[in-house]
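The structure appears right after this line, and notes come after that.
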Protein chains: 2
Amino acid sequence: MPSATSAAADSHPAGARPRRRAGRPPAAVLDQDTITTAALRLVRKSGYEGFTMAALARTLNVAPSALYNHVASKREVLVLIQDHLTSFVDVSAFDTESWDQAVRDWAWSYREVFSKHTPLIPVIAVLPVADAPKTLAMYEAVSAGFRRTGFPQERIISAIVALESFIFGSAYDVTAPADIFDSGSMAASTPNFTSAVERLARQGLESPADAAFSLGLEALIAGFGALRR
Amino acid sequence: MPSATSAAADSHPAGARPRRRAGRPPAAVLDQDTITTAALRLVRKSGYEGFTMAALARTLNVAPSALYNHVASKREVLVLIQDHLTSFVDVSAFDTESWDQAVRDWAWSYREVFSKHTPLIPVIAVLPVADAPKTLAMYEAVSAGFRRTGFPQERIISAIVALESFIFGSAYDVTAPADIFDSGSMAASTPNFTSAVERLARQGLESPADAAFSLGLEALIAGFGALRR
DNA sequence: CCACTAAATGAATGGCATTCATTTAGTGGC
DNA sequence: GCCACTAAATGAATGCCATTCATTTAGTGG
């Protein structure tokens with residue numbers, strides 16, 4: 001069977017105009033764009049705990065069931081949000097900067113955007129690109145940047161996936177509680193870990209999350225940079 | 001206020017015996033170990049969609065509310081599962097192999113374990129280590145390995161966090177649908193991405209997820225390895 | 001003005017985590 | 001041998017949730 005209902009593909013099924021045989025319905029209050037915008041506004045105001053279909057409908061002055069004429073499920077709303085957010089990820093450096101700097105700028109921007117939306121990560125990470133056109137556009141820009149710099153073609157996707165995995169994982173760290181490394185009463189039995197945590201804290205100009213992200217990202221950039229030819 | 005109720009800390013609050021002033025209660029059917037074991041078995045059989053407090057109680061022949069005498073919330077059960085799973089992550093190579101190989105073995109093992117339990121990742125990623133003693137033990141083993149190889153102490157935590165972020169992100173990829181990169185009808189407008197996907201597929205002995213994980217992991221190992229002194 | 005249609009409605013469904021007053025049954029002290 | 005105390009288990013209730021569906025509403029092209 002074909003993959004699940006695709007939000008994007010359904011809105012313009014490649015060349016086919018939306019058909020209608022007879023009269024138009026009444027002026028629609030709702031469509032996917034309206035829903036996406038309202039959903040994002042709601043999430044920013046109430047977080048993902050407060051983001052329910054009922055609450056979303058309320059902000060649109062509409063019954064909850066009305067949403068289901070435009071969207072198959074709550075998950076589909078999350079997909080719409082994620083694709084919209086992806087357009088805020090800055091890929092412009094691939095046109096203006098060196099490859100190294102472009103990857104750096106893109107990765108920091110990507111993490112920045114999704115660190116405020118970590119509940120979307122499980123959705124994005126396994127989402128077919130065909131269901132998220134703006135996300136696909138981002139991949140295209142990044143792929144083009146990799147190709148231009150002489151990156152071996154058969155490894156472009158792997159490199160991007162690896163970077164993205166690192167970015168998603170790192171996005172969680174940004175929101176972690178400050179005392180996450182406090183080993184509490186078990187400090188005595190974990191001397192190496194505990195002393196490493198202290199050493200980090202003593203240094204710490206950057207936040208721990210930023211320090212880890214920077215360290216890992218530079219290693220990935222250096223490692224991948226060496227593959228170019 | 002102190003951090004949330006700690007499963008592990010509550011079972012042996014460092015030196016204090018569990019107090020009781022008067023008679024013991026009836027022989028308990030339930031405790032955290034029993035719950036953890038049953039929960040893991042249920043997850044393996046029914047997945048995380050089928051994992052509800054009611055279903056868990058049913059497998060234990062107990063009322064759902066009985067669970068709340070031993071556990072504060074469903075989230076706490078997830079924490080118990082995650083900590084238990086962490087003991088299946090193999091850190092033994094840090095005692096027997098070179099640093100490079102030990103990191104490699106540990107990372108593959110870590111990804112392997114959690115790729116079957118991705119719904120736990122949002123929980124683990126922001127969980128204070130004090131709430132997960134077996135996880136803390138893993139960090140201790142890894143920290144010790146990094147220290148032994150002459151890794152700069154103030155960067156040990158950052159390096160581990162970076163590796164872990166990469167591992168968590170990569171765990172999602174393992175479960176992604178095979179057609180995740182199929183750009184479908186929009187292939188024409190994304191030539192660089194589409195050709196990169198084809199090049200990968202043409203190569204592809206490994207799964208795409210394995211190829212990306214291997215590529216990223218080797219870059220991180222090489223980059224971090226160079227920091228040793 | 002009619003037939004058709006998509007959109008919106010409101011009530012209903014079933015599932016969920018969690019709470020709480022109450023009951024149950026060991027145990028240590030007398 | 002009984003009593004007082006306790007932790008554990010119960011079952012009913014709560015409130016929230018996503019989702020479904022039969023029905024109603026109101027533009028529009030013929």
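Chain identifiers are assigned alphabetically (A, B, ...) following the order of the sequence lines, protein sequences preceding nucleic acid strands; residue numbering begins at 1 within each chain. Atom set for the values below is all heavy atoms of this structure, side chains included, hydrogens, waters and symmetry mates excluded.
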Distance in angstrom units between A:I35 CD1 and C:dA8 P, rounded
8 Å
Where are the stems of DNA chain C, defined as at least 3 consecutive Watson-Crick or wobble G-U pairs with both distances under 3.5 Å?
C:1-30 with D:1-30
Taking atom types as modelled and ignoring hydrogens, do the side chains of A:Q82 and A:T86 form a donor-acceptor contact shorter than 3.5 angstrom?
yes
Polar contact flag, side-chain donor to acceptor under 3.5 angstrom, A:T36-A:Q32:
no
Would you kindly give the OH-to-P distance between B:Y48 and C:dA17, to the nearest whole Å?
14 Å
Under 3.5 Å side-chain donor-acceptor pair for A:D31 and A:T34
yes
A:H70, nearest nucleotide to its side chain (from C:dA17, D:dT19, C:dA7)
C:dA7
Using atom OH of B:Y68 as one end and atom P of C:dT18 as the other, report the distance to the nearest whole Å.
4 Å
Suppose we screen for ring pair (Phe, Tyr, Trp, His ring centres under 6.0 Å). Which residues come up paired with B:F146, at least two apart in sequence or across chains?
B:W99, B:F151
Do A:V161 and B:D173 have side-chain heavy atoms sitting under 4.5 Å apart?
yes
Between C1' on D:dC17 and CZ on A:R58, what's the gap in Å once rounded to a whole number?
12 Å
Close N/O contacts between protein and nucleotides 10-13 of chain D (under 3.5 Å):
unit_1 : atom_1 : unit_2 : atom_2 : d
D:dT10 : OP2    : B:A63  : N      : 2.7
D:dG11 : N7     : B:S65  : OG     : 3.1
D:dG11 : O6     : B:S65  : OG     : 2.5

Between C1' on D:dC16 and CG on A:L56, what's the gap in Å once rounded to a whole number?
16 Å
Those residues that, when tested against B:S92, pass side chain to side chain contact (heavy atoms under 4.5 Å, CB included) (two or more places apart)
B:D90
The complete set of ring pair (Phe, Tyr, Trp, His ring centres under 6.0 Å) pairs with one or both residues in residues 109-145 of chain A, sequence neighbours excluded, reads A:Y48-A:H117, A:W106-A:Y110, A:Y110-A:F114, A:Y110-A:F168, A:Y139-B:F193
How would you list, by chain and number, every residue that makes a side chain to side chain contact (heavy atoms under 4.5 Å, CB included) with A:A141, sequence neighbours excluded?
A:V91
A:I121 versus B:P122: any side-chain heavy-atom pair under 4.5 Å?
no
Nearest-Å distance, CE (B:M53) to P (D:dG15)?
20 Å
Interatomic distance, A:K74 NZ vs D:dT19 P [rounded to whole Å]:
8 Å
To the nearest angstrom, the CD-C1' distance between A:E49 and C:dA17 comes to 16 Å
